[in-house]
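Worksheet for the structure shown next.
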Number of protein chains: 2
Amino acid sequence: MPSQTPDREIKDRASPFRSKEERALDRDQKREAVLRAAVRMFNARGFHATSLDDVAASLNISKPTIYYYLGNKDQVLLECVTRGLGELAEAAERVREAEGSGLDRLRAFLLLYAKVNMDDFGRCVVRTGDEYLVPKNAAQFRTLKRRIDGVLRTMIAEGIRDGSISDGDVKMIAFTLAGALNWPARWHDPAGPDSPDQIASSMVEILTAGLAPRAGRASD
Amino acid sequence: MPSQTPDREIKDRASPFRSKEERALDRDQKREAVLRAAVRMFNARGFHATSLDDVAASLNISKPTIYYYLGNKDQVLLECVTRGLGELAEAAERVREAEGSGLDRLRAFLLLYAKVNMDDFGRCVVRTGDEYLVPKNAAQFRTLKRRIDGVLRTMIAEGIRDGSISDGDVKMIAFTLAGALNWPARWHDPAGPDSPDQIASSMVEILTAGLAPRAGRASD
DNA sequence: TATGCAATCTACTCATGAGTAGGAAAATTG
DNA sequence: CAATTTTCCTACTCATGAGTAGATTGCATA
């Protein structure tokens, strides 16, 4: 007599019949794959130079399937940059709980910031100007970016207050740091010899120490 | 009796009849105006989002006139970035003759570099990716950029050699500096309160000194 | 005065690419 | 099995924008 209440522990992986949850997962994975393919192409060719037909072709699907999963091109871009900014927000959250001097915490944040800027969605954030989005979406984009900038400025201000960062114009320091660490989004080649980790720590070190030699570390 | 050999000294400014040179000048000015209008629009809206019809309309001319003066859209963009890179090369040239330590010279160059990145053509260089140009033009663009990067690296290496710059990975230092100073091309508003001069010197100061406080300058 | 060149325009062509209509095949559910 | 939902496709429409053809106007020079 076949069981009417099938044991949830026994999962026949090879079964062609998927449960509701499994199918939802499946759907999510497809959605994810489409988004990933889109952001990669946007990064490689630029948003305007990328057609959704191209994105679709790279996945062996048709354009309407992209609309089915993600909506129109503007929504696709918005989701890409929102993801990237989400990763940055998460980095900020993780550092919020960290301890150490203001400079220590800032450095920790900058390392994460730099690394996000070298992954698919982070790169997209850097490469996308507000001009690319329709006004409504652009406003949201700016809001999220402003929030990250706010976190950065707060950290700098805290470091100045506790003396671990030398005094200066907080806004200008923030722009300088962000600019330096955004730039790899433009030149870094994931297939190249330098890992994002190396690049990030190298740059943060340079920014912390400055160009001029420090008294404490005589070079010869 | 009217003079058969008119006095070259007497120039009737209000004359509707222009000499050959005057008309050539006229032409150059028009060409210049078209190029300037184009680069401004590229910077404001992005290259792909700018139509040559829009550029033409902003000057009260028609699209074929742009083709008459500048050629196709790709050539327009190439000329814009070539101008910007030319300004950078000129900056490098000016610094080559300067004296002082490696750091002094580097700082002088960085100041000029930053300022170029806030003018029309410099901004265009920063905002334009190779992907925007047809392969042939992209190759030329890359060559010119590499040349500037070479100058920057040479200066850093000289500073390290003479001890005015602390030792480190030259390539990474160059990218860090360039990134920080390129970024204003994205956010600087010429109509805003901060002048390019102020921004440039502020950023160069931050990059030179680094975030961490220096022993010599106790803050309190 | 005729001929040519310089500077522009109007009015196209043509390709590309966003977005949609409508349907079909599979899976799911009643 | 019938009805419904999910997933995906073919085959459009339609706007935009690059680039061109060919005419026009007017000054310039032989």
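Labels below follow one simple rule: chain letters A, B, ... track the order of the sequence lines, proteins then strands, and each chain is numbered from 1.
Taking atom CG of residue B:Asp28 and atom P of nucleotide C:dA7, one finds them 10 Å apart after rounding to whole Å. Going from atom CG of A:Asp26 over to atom C1' of D:dT7 covers 11 Å, rounded to whole Å. Between A:Tyr69 atom OH and D:dT7 atom C1' there is a gap of 6 Å when expressed in whole angstrom units. When rounded to the nearest whole Å, the span between CG of A:Leu70 and P of D:dC8 equals 12 Å. Distance A:Asn60 CG to D:dT10 C1': 17 Å, rounded to the nearest Å. The distance between atom CD of A:Gln29 and atom P of D:dT7, rounded to the nearest whole Å, is 13 Å.
OP1 or OP2 of C:dA7 sits under 4.0 Å from a side-chain N or O of B:Tyr68. Phosphate proximity of C:dA6 to B:Arg27: absent, as no side-chain N or O sits under 4.0 Å from OP1 or OP2. For C:dC9, one of the phosphate oxygens OP1 or OP2 lies less than 4.0 angstrom from a side-chain nitrogen or oxygen of B:Thr65.
Counting only residues at least two apart or in different chains, salt bridge (Lys or Arg N to Asp or Glu O under 4.0 Å) contacts with residues 125-143 of chain B comprise A:Arg127-B:Glu131, A:Glu131-B:Arg127, B:Asp130-B:Arg142, B:Asp130-B:Lys145. Sorted by first then second residue, the salt bridge (Lys or Arg N to Asp or Glu O under 4.0 Å) pairs that include residues 185-194 of chain A, not counting sequence neighbours, are A:Asp194-B:Lys171. Pairs of residues two or more places apart, or lying in two chains, that qualify as salt bridge (Lys or Arg N to Asp or Glu O under 4.0 Å) and include a residue from residues 52-62 of chain A are A:Arg45-A:Asp54, A:Asp53-A:Lys63.
Across all strands shown, B:Ser62 has heavy atoms under 4.0 Å from base atoms, whether or not it also approaches the sugar-phosphate.
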Let me check something: any side-chain donor-acceptor pairs from residues 104-115 of chain B under 3.5 Å, sequence neighbours excluded? List them with distances.
from: B:Asp104; atom 1: OD2; to: B:Ser101; atom 2: N; distance (Å): 3.2
from: B:Asp104; atom 1: OD2; to: B:Ser101; atom 2: OG; distance (Å): 3.2
from: B:Arg105; atom 1: NH1; to: B:Arg96; atom 2: O; distance (Å): 3.4
from: B:Arg105; atom 1: NH1; to: B:Ala98; atom 2: O; distance (Å): 2.8
from: B:Arg107; atom 1: NH1; to: B:Thr208; atom 2: OG1; distance (Å): 3.0
from: B:Arg107; atom 1: NH2; to: B:Glu205; atom 2: OE1; distance (Å): 3.3
from: B:Tyr113; atom 1: OH; to: B:Asn182; atom 2: OD1; distance (Å): 2.9
from: B:Lys115; atom 1: NZ; to: B:Asp197; atom 2: OD1; distance (Å): 2.9

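By the side-chain contact (heavy atoms from CB on, under 4.5 Å) test, B:Gln29 pairs with B:Leu25, B:Asp26, sequence neighbours left out.
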### Query
In B/S/- notation, 5' to 3', how is nucleotides 11-21 of chain C contacted by protein heavy atoms closer than 4.0 Å?
------SBBB-
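Within the 3.5 Å criterion, the main-chain N or O of B:Thr50 finds a donor-acceptor partner in the side chain of B:Lys73.
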